[in-house]
Amino acid sequence: MGSSFARNLTAFLDSRDLTQESFGRMIGKSQGAVSQWLAGNREPASTTLNKICEVFGLERDDFISERAGFYAKLHGLTDAPAGAIAAKPSSALVPLLGTTHMGEFEDEGECDRMVEVPASVAEAHPGGFCVRADGECMNNRYPSDSVLFVDPNMQPFDGCAVLAETQDFQSIVRKYSRGASALMLSPDSHGCEFEDIIVRADDAPIMLKGVVVWYQAEKDVR
């Protein structure tokens with residue numbers, strides 16, 4: 001992949017107005033790892049590249065091709081018209097379905113409005129929806145009172161944030177991991193007051209409603 005990947009990734013982030021931090025969160029990688037890729041010091045593993053393509057609904061050539069990647073497209077070096085990527089709509093409307101909590105299971109609140117999210121996020125995750133989330137349990141990732149975009153079709157992976165729900169329609173957002181015999185919903189917080197929630201096979205079932213792939217502070221959402 002070499003420098004072609006670094007140039008294409010830089011062009012992609014610029015075209016979608018994504019920061020290193022937000023991009024890393026969406027694919028489950030640290031900002032430091034993304035920074036190394038952009039500098040050309042390291043390259044993502046093939047499985048990570050596949051994950052990037054899955055999250056954003058793209059092809060590998062968009063990132064690894066010198067002649068057909070994002071850099072070439074943005075600079076008019078392919079048959080695609082110059083600026084074609086940047087000309088895409090910048091935002092899309094998706095439903096805000098309710099409220100949840102980042103900490104403990106709580107009754108779901110109801111919402112009935114549409115909110116704006118980046119068009120690239122909506123396009124990459126068809127069928128996605130938003131929830132408004134309060135609480136400090138995930139403040140290493142999301143501030144309290146955030147709007148979270150959830151992909152109900154994405155397969156959860158260790159370390160991702162998920163929206164989970166009980167049979168009594170109480171919900172929660174926490175970090176996901178799964179062992180051989182149990183599901184763990186963990187905090188990702190500056191504090192230490194939150195404990196892991198462990199769900200074993202003989203416990204009441206927990207339904208995973210989707211993976212959190214994007215967020216914005218509620219005060220900034222339109």
E59 atom CD: more than 12 heavy-atom contacts under 6.0 Å: no
Worked check of side-chain contact (heavy atoms from CB on, under 4.5 Å) between F23 and I52: CA-CA 9 Å; F23 174 73; I52 294 171; 4.0 Å; yes
Non-hydrogen side-chain atoms of F105 and I206 separated by less than 4.5 Å: yes
R60 vs D62, side-chain contact (heavy atoms from CB on, under 4.5 Å): CA-CA, chis, key distance, verdict: CA-CA 5 Å; R60 289 172 65 94; D62 289 325; over 6 Å; no
Straight-line distance of S189 OG to M138 CE, nearest 0.5 Å: 9.5 Å
Side-chain heavy-atom pair C160, V212 within 4.5 angstrom cut-off: no
Nearest-0.5 Å distance that lies between atom CZ in R178 and atom CG in L185: 9.5 Å
Euclidean distance, K29 NZ relative to Q36 CD, rounded to 0.5 Å: 13.0 Å
Point-to-point distance, once rounded to the nearest 0.5 Å, from CE of M207 to CD of Q167: 6.0 Å
Heavy-atom pair with the smallest gap, counting every atom of I64 and N8: N-ND2, 3.8 Å
Path from V150 to L183 over hydrophobic side-chain contacts below 4.5 Å: no
Side-chain heavy-atom pair Y215, P143 within 4.5 angstrom cut-off: yes
K51 atom NZ, over 12 foreign heavy atoms within 6.0 Å: yes
Close aromatic pair by centroid cut-off 6.0 Å: F63 and F12: yes
Charged N-O contact under 4.0 Å between R141 and D188: yes
Check: A217 main-chain N/O paired with D145 side-chain donor or acceptor under 3.5 Å: no
Check ion pair E104-R174 (N to O, under 4.0 angstrom): yes
Donor-acceptor contact present, side-chain S171 to main-chain E165, <3.5 Å: no
Joint hydrophobic cluster, Y142 plus L18, side-chain heavy atoms closer than 4.5 Å: no
Closest non-hydrogen atom pair, T99 against C111: CG2-SG, 3.9 Å
side-chain contact (heavy atoms from CB on, under 4.5 Å) between F157 and Q155, worked out: CA-CA 7 Å; F157 54 93; Q155 187 70 26; over 6 Å; no
Heavy-atom side-chain proximity of V173 to H101 below 4.5 angstrom: no
pair L9-L38: side-chain heavy atoms closer than 4.5 Å: yes
Polar side-chain atom of D151 near backbone of M154 as donor-acceptor pair, under 3.5 Å: yes
Heavy atoms of other groups near F169 CZ, more than 12 under 6.0 Å: no
Linked, directly or transitively: F149 and V131 (ILVMFWY side chains, under 4.5 Å): no
Heavy-atom side-chain contact between R7 and E66 under 4.5 Å: yes
Test item: P152 and K209 side chains (from C-beta on) under 4.5 Å apart, heavy atoms: no
Minimal non-hydrogen separation, T100 against L163, with atom names: OG1-CD1, 3.7 Å
Evaluation steps, side-chain contact (heavy atoms from CB on, under 4.5 Å), between V94 and F129: CA-CA 6 Å; V94 299; F129 60 89; 6.0 Å; no
Flag, side chain of S146 to backbone of L148, donor-acceptor distance under 3.5 Å: no
Hydrophobic cluster membership, L58 vs F5, 4.5 Å side-chain cutoff: yes
Side-chain touch V213/I27, heavy atoms, less than 4.5 angstrom: no
Verify same cluster id: M102, W214 (apolar side-chain graph, 4.5 Å): no
Nearest non-hydrogen partners of V117 and C130, listed with the distance: CG1-SG, 3.8 Å
E195 atom CD, neighbour heavy-atom count above 12 within 6.0 Å: no
Closest approach of N153 to P126 (non-hydrogen atoms, all atoms of both residues): ND2-O, 3.3 Å
D134/R132 salt bridge by N-O under 4.0 Å criterion: yes
T10 side chain to A6 backbone, donor-acceptor under 3.5 Å: yes
Whether D14 side chain and A11 backbone form a donor-acceptor pair below 3.5 Å: no
Distance-only side-chain donor-acceptor flag, S177 / D158, under 3.5 Å: no
For the student: nearest non-hydrogen atoms of C137 and P187, plus distance: SG-CB, 3.4 Å
